[in-house]
Amino acid sequence: MTILRNLSELNEWRAQYSGHTIGFVPTMGALHKGHFSLVQESMKHTDLTIVSIYVNPTQFNNPEDLLKYPNTLESDLEELNQLKVNAVYLPTLTDIYPDGPVSRIFDFGSLAKFMEGLERTGHFEGMATVVTKFFELIQPDFAYFGEKDFQQLAIITQVVEQDGLATVIVPVKTVREEDGMALSSRNLRLLDTQRTDAGNINKILRNWISKKNFLSSTPQKSSAFLANEISHYDSLTVHYVTFANSKSLEPITSFEASTPTRIFVAVQCGNVRLIDNFPLF
Ligand code: AMP
């Protein structure tokens with residue numbers, strides 16, 4: 001595995017492989033099995049896989065979250081090496097932001113109007129800025145994104161289309177712990193009791209979805225019911241439980257089996273903001 005510590009090392013590496021298909025997995029490090037499933041998908045379908053590890057300052061709307069973002073670089077590199085990834089890119093700030101860390105301006109339309117887009121001002125602009133910069137520098141054929149961050153996946157898919165980029169965005173299913181909780185780097189920051197409480201979020205949602213009795217209710221009533229169930233746990237405070245159209249990401253006003261619909265949830269657990277989502281139909 002080649003470790004690329006700046007843009008000129010990346011350029012040198014990239015120049016050797018024109019004519020090969022390149023798969024790219026952008027990450028912020030503190031890697032776990034969720035990240036590794038993206039890497040494995042890339043390795044299955046491309047000649048070469050490159051992973052980036054970069055904690056992108058412009059996508060953090062909360063300075064404390066940026067400051068406390070876990071850093072496990074040494075073990076990340078070891079695990080990627082064991083997976084036989086071809087290259088890891090650890091960019092410098094000036095590789096990505098030669099003129100300083102400022103986001104590009106985007107029009108995400110309806111995709112960023114609700115949920116994380118509404119609550120984390122500037123987050124998606126920062127994310128789309130760094131990802132499009134990576135695409136420009138790496139020129140990957142395929143890039144792999146987790147459904148765990150469904151709104152991010154939808155936004156980057158749209159940006160690629162709007163910018164006319166050649167990279168194909170490949171979605172990858174959410175990898176979960178044994179109790180069903182979605183793996184996330186931020187889970188490392190949860191205390192034991194918080195982690196136990198957090199495991200109930202997915203159980204409450206899944207249990208409710210499996211009963212299907214929501215078809216006789218409304219999204220508004222169902223959101224209120226689920227938010228109340230989650231709030232029973234001491235360490236959980238609900239930011240939102242939203243039912244949205246899986247394509248436009250706009251909240252729905254009635255359940256229609258003919259409309260692709262997902263449930264999206266954001267919950268504060270101690271200092272950590274947890275998000276998850278599930279399909280309804
Ligand atoms: P992050 O390091 O949090 O920026 O995530 C990097 C990529 O890994 C993003 O495309 C995430 O959606 C994806 N990812 C994070 N957690 C999971 C998970 N539990 N399952 C699948 N993909 C994930």
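Numbers here simply count residues along the sequence, with the first being 1. Order of listing sets the numbers, starting from 1, for every ligand and every atom in it.
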*Can you tell which of F36, Y69, F150 gets a heavy atom nearest to atom 3 (O) of ligand 1?*
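Selected option, by shortest heavy-atom distance: Y69.
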
*From A182, S52, G34 - option closest to atom 23 (C) of ligand 1 by heavy atom*: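 Among A182, S52, G34, the closest heavy atom to atom 23 (C) of ligand 1 belongs to G34.
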
_One residue to check: V172. Relative to ligand 1, which of side chain, backbone, both or neither has a non-hydrogen atom less than 4.0 Å away?_
neither

*Give the contacting part of M28 toward ligand 1: side chain, backbone, both or neither, where contact means a heavy-atom distance below 4.0 Å.*
both

Output the list of atoms in ligand 1 that are nearer than 4.0 Å to some heavy atom of [X], sorted by atom number.
X: F145; result: 10 (O)
X: T27; result: 2 (O), 6 (C)
X: P26; result: 6 (C), 7 (C)
X: L183; result: 16 (N), 17 (C), 18 (C), 19 (N)
X: Q152; result: 9 (C), 10 (O)
X: D149; result: 11 (C), 12 (O)

Does [X] have its ring centroid less than 6.0 Å away from the ring centroid of [Y]?
X: Y240; Y: F114; result: no
X: F264; Y: F150; result: yes
X: F214; Y: F243; result: no

Ignoring hydrogens and angles, state whether a donor on the side chain of [X] or [Y] is under 3.5 Å from an acceptor on the partner side chain.
X: T72; Y: E74; value: no
X: Q268; Y: H239; value: yes
X: Q59; Y: N56; value: yes

Polar-atom distance check: [X] versus ligand 1, any N or O pair below 3.5 Å?
X: H35; value: yes
X: T174; value: no
X: V175; value: yes

_Both conditions, 6.0 Å and 45 degrees, for the charged tip of R206 above the ring of F278: are they met here?_
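Not satisfied by the 6.0 Å and 45° rule.
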
*Between F255 and W208, how do the two ring planes meet: parallel, tilted or perpendicular, split at 30° and 60°?*
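It falls in the tilted class, 30° to 60°.
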
_Angle between ring planes, Y17 versus H20, binned at 30° and 60°: parallel, tilted or perpendicular?_
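The rings of Y17 and H20 stand perpendicular, inter-plane angle above 60°.
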
*Out of curiosity, is K173 lining ligand 1, as in a heavy atom under 4.0 Å away?*
yes

_Heavy atom of H32, distance to ligand 1 below 4.0 Å_ =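 Under 4.0 Å: yes for H32.
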
_Please say yes or no: joined through hydrophobic side-chain contacts below 4.5 Å, possibly via intermediate residues, are I169 and L38 part of one cluster?_
no

_For atom 10 (O) of ligand 1, what is the closest protein heavy atom, and at what distance to 0.1 Å?_
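The closest one turns out to be G146 N, 3.0 Å.
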
